[in-house]
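Quick notes on the structure that follows.
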Amino acid sequence: MSDAANITITLPDGSQKQVPAGTTVGEFVKTSIGVGLAKAALFAKYDGAEVDLTHEMDHDGALAIFTPKNPEGLDLVRHDAAHIVASVVQRLFPGTQVTIGPTTDEGFYYDFHREKPFTPEDLEAIEKAANEEIKKDLPFTRREVSKEEALALFARLGEKFKLEIIEDIFAKGAKTLSLYSHGDWVDFCLGPHGPSTGRVGVIKLLSVAGAYWRGDHRNAQLQRIYGTAFFSQKELDAWTHQQEEARKRDHRKLGKELDLFHFHPAAPGAAFWTAKGTSIYTTLSHAMRRMCLANGYQEIKTPLIYNKSLWETSGHWGKYRENMFLILDTDTDASLPAEERASSSLKPMNCPSHYLFYQIKRRSYRELPLRLHTQDVLHRNEAVGALSGLTRVRQFQQDDAHIILMESQISDEVATLTKLIAKVYSAFGLEFTAKFATRPAMKIGDDALWDKAEAALEAALKATGLAYELKPGDGAFYGPKIDFDVADSIGRKWQLGTIQLDYNAPERFNMGYIGADNAEHRPVVIHRAIYGSFERFIGILIEHFAGAFPTWLAPEQARIVPVAERHIEWAEEVARQMRAADLRVEVDTSQGMLGAMIRDAQLAKVPYTLVVGDKEVAAKSVSPRTRGTGKEADLGITPLDVFLAKITKEAEIPY
RNA sequence: GCCGCUAUAGCUCAGGGGUAGAGCAACGGUUUCGUAAACCGUAGGUCGCCCGUUCAAACCGGGCUAGCGGCUCCA
């Protein structure tokens with residue numbers, strides 16, 4: 001189709017153009033498509049690969065142009081922004097070494113090595129200089145160099161982290177390394193980059209944080225500068241506003257405002273739940289218990305403290321002791337290390353309890369799958385720096401279960417479980433992502449068992465048709481797992497539900513069952529949680545609903561507001577009838593102005609505010625008002641029995 | 001655990017080397033009111049804790065504790 005001098009370029013609409021080989025993407029767009037697009041273009045995808053506009057096309061292929069209108073365009077300029085920030089940091093703070101600077105969902109970061117930490121004032125100076133660099137509109141230029149050239153260049157610059165990365169890149173089989181420069185600053189990078197620094201509209205630096213080289217805490221401590229970039233100040237302002245709105249949903253803020261839970265320095269990582277918060281907790285607990293009992297589970301309770309010997313059998317003593325609250329034997333020598341003085345520990349997980357429970361008697365294949373559900377209190381000694389509101393605590397309860405079953409039952413059980421999880425999450429309107437995590441470095445059991453477990457779990461997951469992401473090395477120490485993640489208000493993802501397959505525990509605990517053949521067999525264990533933990537789940541729900549819980553979950557489902565003192569009697573009668581129908585109701589007897597009482601109820605995010613005055617008393621009715629402002633929130637005068645029927649239905653557990 | 005930041009009244013926050021301030025909430029009184037804030041008054045704090053510098057520390061320095069943003073880890 002093409003002769004030696006010409007190549008055929010296919011555009012996304014299917015049209016084809018012939019141009020001389022060696023034409024750059026930029027020239028092609030300008031001459032064959034249009035000046036407007038040429039001006040807007042940032043980079044292109046040519047024959048499946050992302051390339052710069054200066055890339056010379058040398059063969060037939062499809063070409064797609066990306067501009068600020070594409071999400072990929074924003075990601076690209078943020079990558080440009082990371083380079084710009086790194087360049088000004090090295091100019092302003094000589095001696096600082098660069099490492100890596102990728103983009104994130106919300107912006108970018110760049111990790112630096114420098115003895116002195118960056119101060120907030122430093123950040124301001126860097127941000128100012130970075131934005132000046134944008135105004136200079138310096139072109140990004142690319143060139144390819146050999147390994148030797150690359151090593152020589154970065155050795156001369158004194159960039160020892162970069163030298164390590166270069167060795168890695170070539171070790172993985174790269175033939176050359178691409179360098180990108182703007183001004184006199186150079187970094188290596190796969191690219192592509194935009195045409196010039198001017199195309200990055202505005203850079204905003206957000207924070208500086210510690211990070212470890214290659215993500216390993218044994219390595220050098222780096223300083224990570226987080227930032228974001230937008231094409232215009234207007235877009236940045238809109239994003240900033242959106243961030244502020246998201247922060248208003250923060251469960252730590254709302255938990256205090258709505259009086260749901262509190263923390264005290266005397267018990268870091270362990271919540272005090274108010275009556276309202278406890279109401280949410282117990283409603284969720286009851287809902288899960290009910291669902292489990294309806295789906296072939298039995299609920300059991302087990303001890304909270306166990307002898308060290310149990311943890312040795314389970315493998316926790318070796319692989320999880322750092323996270324366990326040990327109970328020291330006071331008779332022992334105080335100079336000995338804690339793990340030698342410990343005789344027992346608070347349980348950090350329910351699994352060993354359930355294995356002991358299973359072992360209480362001989363089990364038959366007819367009992368399998370044996371599904372044990374427990375909501376006991378667990379303690380994990382989390383690192384102080386890891387604690388965060390309700391999403392990361394030291395004391396919590398899981399909606400935990402262990403399913404002891406035959407290998408042949410795994411697939412069906414995993415399918416049933418993913419359906420249950422999807423059902424619960426959809427009842428809240430929560431969107432989740434699934435991850436499949438395989439054996440970690442810190443593990444028990446031989447590789448043959450892991451091979452078997454990973455294969456069985458992934459096959460079961462595939463059979464459900466659910467989309468999932470692969471997380472190699474992220475499994476529990478005893479088995480591979482499927483994790484279900486939900487994002488909080490500021491986009492951080494938290495693991496909630498989990499399904500974990502365990503071939504190790506049955507071996508360690510020598511678990512068996514008598515099969516139909518009257519012989520002893522080894523079962524398999526599935527660990528699963530749907531909420532994950534009540535604490536984290538409630539934290540996520542608070543943010544998801546911005547504190548405005550659905551009626552069935554709201555701690556106060558209705559508040560009755562008497563217009564004047566003479567209406568209190570009917571208000572109390574309404575409350576009595578509603579409480580008799582198991583509804584959670586309060587009467588506002590504060591005798592404030594009506595508007596003020598309604599405002600209080602609205603701020604408390606009570607689903608229904610029931611105004612009662614002369615008209616309502618006379619008609620044995622209420623005037624319900626939903627959450628929200630203005631006339632549309634007012635449902636008008638409603639007979640009490642009609643309203644009762646409506647709210648009772650809304651108070652039903654949806655799963 | 002690591003890096004950085006923060007800590008003033010129940011909450012949100014101002015102030016600042018020389019006897020501590022506001023709004024809301026609380027409490028008392030007046031008001032009895034029709035769909036997002038009535039009015040007047042009262043009370044409330046060893047400025048997170050310890051040590052140091054200073055004639056004098058809430059303010060400056062150090063340590064600790066807790067919280068926040070990340071890293072590591074994790075439900």
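Proteins get letters first, then strands, A, B, ... in listed order; numbering begins at 1 in each.
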Item checked: Base of A75(B) and ring of W494(A) stacked, centres under 5.5 Å, planes under 30° ->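 No, W494(A) does not stack on the base of A75(B).
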Considering only atom [atom1], compute the distance from [N] to [M] and round it to an integer number of Å.
N: C27(B); M: G10(B); atom1: C1'; value: 13 Å
N: U8(B); M: G23(B); atom1: C1'; value: 15 Å
N: A22(B); M: A14(B); atom1: P; value: 16 Å
N: C49(B); M: A75(B); atom1: C1'; value: 33 Å

Once you apply a heavy-atom cut-off of 4.0 Å, does [X] come out as touching a base, just sugar-phosphate, or nothing?
X: G595(A); result: sugar-phosphate
X: G210(A); result: base
X: R214(A); result: nothing

Taking only the side-chain nitrogens and oxygens of [X], find out if one of them lies under 4.0 Å from OP1 or OP2 of [N].
X: K256(A); N: G10(B); value: no
X: R392(A); N: A75(B); value: no
X: Q495(A); N: A75(B); value: yes
X: K481(A); N: A75(B); value: yes
X: R394(A); N: A75(B); value: no
X: R247(A); N: C68(B); value: no
X: R625(A); N: A36(B); value: yes
X: R536(A); N: C74(B); value: no

Notebook entry, point to check: Any chance the rings of H379(A) and F396(A) have centres within less than 6.0 Å?
Noted result: no
Next item on the list: May I ask you to check whether F484(A) and Y468(A) place their ring centers less than 6.0 Å from one another?
Entry: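 Not close enough - the centres of the two rings lie 6.0 Å or further apart.
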Notebook entry, point to check: What's the CG-P distance between N219(A) and C3(B), to the nearest Å?
Noted result: 15 Å
Check: Given atom CG of L603(A) and atom P of C24(B), what is their separation to the nearest angstrom?
Finding: 14 Å
Margin query: Tell me whether the side-chain N or O atoms of Y212(A) pair up with the base of G1(B) as donor and acceptor below 3.5 Å, since no angle test is needed here.
Written below: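 Per atom types, the contact qualifies.
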Check: If you take atom types as modelled and just measure distance, does the side chain of Q223(A) reach the base of G70(B) with a donor-acceptor pair under 3.5 Å?
Finding: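 Answer is no: no donor-acceptor pair is held.
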Parallel, tilted or perpendicular: which describes the rings of [X] and [Y], with under 30° parallel and over 60° perpendicular?
X: F161(A); Y: H113(A); answer: tilted
X: W239(A); Y: F230(A); answer: tilted
X: Y110(A); Y: F112(A); answer: parallel

Notebook entry, point to check: Would you say K204(A) has more than 12 foreign heavy atoms packed within less than 6.0 Å of its NZ?
Noted result: no
Next item on the list: Cation-pi check, K347(A) to W311(A): give yes when NZ or CZ is under 6.0 Å from the six-membered ring centre and within 45° of the ring axis, no otherwise.
Entry: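 The answer is no; the distance or angle limit is not met.
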Next item on the list: Could you please name the option among A38(B), A66(B), A75(B) that lies closest to any side-chain atom of Q500(A)?
Entry: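 Minimum distance to the Q500(A) side chain belongs to A75(B).
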Notebook entry, point to check: Considering only side-chain heavy atoms of E616(A), which listed nucleotide, U32(B), G34(B), G67(B), is closest?
Noted result: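 Closest nucleotide among those given: G34(B).
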Next item on the list: Write out the stems for RNA chain B, ordered by first number and formatted as range with range, counting runs of at least 3 consecutive Watson-Crick or G-U wobble pairs under 3.5 Å.
Entry: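 Runs of three or more consecutive pairs: B:1-7 with B:65-71, B:10-13 with B:21-24, B:26-30 with B:38-42, B:48-52 with B:60-64.
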Check: Is it true that R214(A) and D216(A) make a salt bridge, defined as a side-chain N closer than 4.0 Å to a carboxylate O?
Finding: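 D216(A) and R214(A): not salt-bridged.
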